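Data first, discussion second: the structure below is written as structure tokens.
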Amino acid sequence: MGGKYLAFIFAYLRANIAAALEYRATLVTQVLGMILNDILWVVFWVLFFTRFPVVKGWTLEDVLILWSSFAFSAGLVYGLFFSVRLLPRLVVEGQLDYYLALPKDVLVHLLVSRIRPFNLGDALFGPLLLVTTVDLTGSRVAIFLATTLLSAAVLLGFEIIGGSLAFFLGSGDALHEQLGNALLHFASYPAGIFDGSLKFLLFTVIPAGFVTWLPVELMRSFRWDLFLGLAAAAAAFLGAAVLVFRAGLRRYESGNLLAMRS
Amino acid sequence: MSRLSLLGSPSSRMASRPAPRRTSLGRQAVKYLEVARITLRSRWAYLGEQLLARVYLVIIMFVFVQLWRTTYAAEGSVRLSGFTLPEMIWYLVATEAIILSLPRVHAALQQEVQGGDLAIRLNKPYSYLLFHYAAFVGEGLVLLATALGMGGLTAYLLVGGFDFRWEALPVLALIYLVTQALHFTYHAAIGLLAFWTEDVMGIFFFLDRVKWILGGMLLPLDLFPPALRQLAEVLPFREMIYGPALLFVRFSWPAAADLLLRQGLWLLALALVCVALYRLGVRRVDINGG
């Protein structure tokens, strides 16, 4: 069962990437554009830490790891599962009919149905930044990969929950976008600048802490309790996402649309 | 009254028609002002939606305040490169307001060039670039109002106000309009590259972020290392972001005059590039009926 689904996911991704490669120049421009965009954010932080070397215990290396992890996990989620960002619109416009009529799980099918080449640039940039700017050992690479995949799972779960609000609110595109943007924004800054109850919020309602700060902490010095905490958060967010999506799907009303799916 | 007298003979119509003359500059300006006004009104109609989209700015400003509050505390200083904390935050309000008040003209131009809508625009009695500029101004003013309103309110609640020179408001408004025109020429030039490339979004992403960094959007140029500051001095981005934002928080008449002069020169150069790209690009257009 699991193997069949994995084969289905990879077949879909392969087909989507092959379709994107049909417009090779566009794909390359978009991927490079995003990489350069990320580079310039890193330039900002280099400038900042050149002037102020330590901010609440965070150094330039920490921020470089943060951006490596952030770009990689966000690139995987938005690059490979871009439909998650379109979820509210698909729900409101009744465009889930296509997936309902097919035998595969609606959520899995929906997630893999679209890629976004722009964000694949992020997915390439993350590891590239790490390799070129951070001192690495075999164990650090393993920690990076494991923590980043877990943080991608948290991000994906959060996006599915945010997008599924449209089932209950009847709209929710703006709310989903604001929640997503808030998470990405908080996650791209050093944890040291936030404290108190805000930090609690950033490990629960808007899980920026799990998306970037824990991976950075684990790269600084690995601790099993933190790693297991991150794994538990990934399982909790993905599990909750599946439950919320399924509960929402029961409220879904068909759009009776006759349209080409692009 | 006979039908003939109503319409007149062909010859009498020719005789009564005023001699062809160039439309005056004033009438041309009215035409584009009208485009700007209509765009402004149509965007204003969705003000609630625009404000909702600006909630994100509250988060951005909140994070900036946290970052700079921590930094000022760590440095143990009231001023960093001449900026107090409120001045730094209001500088960032100004840079965000400038950047967030720029409509996506590059995307519109790409869409029209590649989708073929350009053909419909070319036979209209207006300049293609000036039409888009007028719409850019109209939409931009609504975006500016919401960005400045939301960003300013957040900054005021978090760090308080600063010593704003109200008497300089008309000059600052003029400087904003020139700043906006500079950004228009920069974005439109990138959009016009669609005549030659499949997709300009990647190029735009890169050049826009170069503008952000070297224009001092996230960090005032005063905090740059000397070599980078020197590079920023000779590029137009300083006049597009840092100059107007600095003047907003620390106004002086000589600095305003100097900025307007520098902006004027860059505007001339970028406008020429824009017009040249448009003229070269239009030559490549094949229009088929249908």
Side-chain angles (χ1 to χ4, degrees), chain A residues 22-58 63 117-118 121 171 173-175 177-196 198-199 202 206 208, chain B residues 48-75 77 80-81 110 114 190 193 196-229 232:
Chain A
E22 279 297 307
Y23 302 94
R24 206 157 295 206
T26 304
L27 178 73
V28 170
T29 321
Q30 290 187 347
V31 167
L32 279 180
M34 187 53 103
I35 290 177
L36 292 167
N37 167 55
D38 291 344
I39 288 174
L40 289 165
W41 274 105
V42 170
V43 168
F44 160 70
W45 283 112
V46 170
L47 291 174
F48 185 88
F49 279 98
T50 304
R51 182 71 173 74
F52 312 109
V54 183
V55 175
K56 277 268 183 94
W58 278 63
V63 172
F118 251 123
S171 172
D173 209 359
L175 178 65
E177 196 179 330
Q178 299 289 352
L179 282 172
N181 286 341
L183 172 65
L184 296 180
H185 202 69
F186 282 117
S188 62
Y189 279 79
I193 64 172
F194 307 108
D195 43 26
L198 181 63
K199 221 164 193 171
L202 295 176
I206 300 173
Chain B
E49 203 174 290
Q50 308 254 16
L51 283 169
L52 189 64
R54 288 283 180 252
V55 172
Y56 177 46
L57 191 54
V58 175
I59 297 166
I60 293 179
M61 292 315 304
F62 175 78
V63 173
F64 279 155
V65 171
Q66 295 299 114
L67 176 67
W68 285 106
R69 197 170 263 161
T70 311
T71 309
Y72 273 80
E75 292 289 303
S77 173
L80 291 177
S81 292
Q110 170 173 284
Q114 292 181 345
I190 297 170
L193 295 178
W196 292 273
T197 67
E198 267 182 45
D199 187 281
V200 300
M201 298 311 283
I203 303 169
F204 174 77
F205 244 66
F206 172 62
L207 292 178
D208 196 47
R209 297 318 186 256
V210 169
K211 182 182 79 178
W212 284 18
I213 291 289
L214 293 174
M217 180 195 165
L218 299 165
L219 202 63
L221 300 188
D222 313 72
L223 294 167
F224 280 25
L228 204 58
R229 203 183 317 159

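Per chain, numbering begins at 1; letters A, B, ... match sequence-line order. Worth saying up front: this structure is predicted, and the values here are computed from it rather than measured.
The structure places CD1 of A/Ile193 at 11.0 Å from CH2 of B/Trp68, a figure rounded to the nearest 0.5 Å. A distance of 9.5 Å separates OG1 of A/Thr50 from CG of B/Leu219, quoted to the nearest 0.5 Å. Here the CG-CG distance, from A/Asn181 to B/Leu57, works out to 11.5 Å after rounding to the nearest 0.5 Å. To the nearest 0.5 Å, the span separating OH on B/Tyr72 from CZ on A/Phe52 amounts to 7.5 Å. With values rounded to the nearest 0.5 angstrom, A/Thr29 atom OG1 is found 13.0 Å from B/Phe205 atom CZ. Interatomic distance, A/Arg51 CZ to B/Thr71 OG1, rounded to the nearest 0.5 Å: 10.5 Å.
Each of A/Leu40, A/Ile39, A/Leu32, A/Val55 has some count of heavy-atom pairs under 4.5 Å with chain B, and the biggest count is that of A/Leu40. With chain A as the partner, the residue from B/Met201, B/Glu75, B/Arg69 showing the most heavy-atom pairs under 4.5 Å is B/Glu75. Ranked by non-hydrogen atom pairs under 4.5 Å with chain A, the options B/Leu67, B/Val210, B/Ile59 are led by B/Leu67.
Only the side chain of A/Leu198 comes within contact range of chain B, with at least one heavy atom under 4.5 Å from a heavy atom of that chain. In this structure, the portions of A/Phe44 lying under 4.5 Å from any heavy atom of chain B include both its backbone and its side chain. Using a 4.5 Å cut-off between heavy atoms, B/Ser81 contacts chain A through both its backbone and its side chain. Only the side chain of B/Leu228 has a heavy atom closer than 4.5 Å to any heavy atom of chain A. In this structure, chain A has no heavy atom under 4.5 Å from any part of B/Val58. There is no contact between B/Phe204 and chain A, counting heavy-atom distances below 4.5 Å.
Nearest heavy-atom pair across A/Gln178 and B/Tyr56 is OE1-N, 3.2 Å.
Between A/Leu47 and B/Leu223, the closest side-chain pair of non-hydrogen atoms is not below 4.5 Å. Using a 4.5 Å heavy-atom cutoff, the side chains of B/Arg209 and A/Leu36 are not in contact. Contact of the B/Leu218 side chain with the A/Phe48 side chain is not registered, since no non-hydrogen atoms from C-beta on lie closer than 4.5 Å. Inter-residue side-chain proximity for A/Trp58 and B/Thr70 is flagged as unmet; no heavy-atom pair is nearer than 4.5 Å. Annotation: side chain of A/Asn37 is not in contact with side chain of B/Asp208 (no heavy-atom distance under 4.5 Å).
Between the side chain of B/Gln66 and the main chain of A/Phe194, no donor-acceptor pair closer than 3.5 Å is present.
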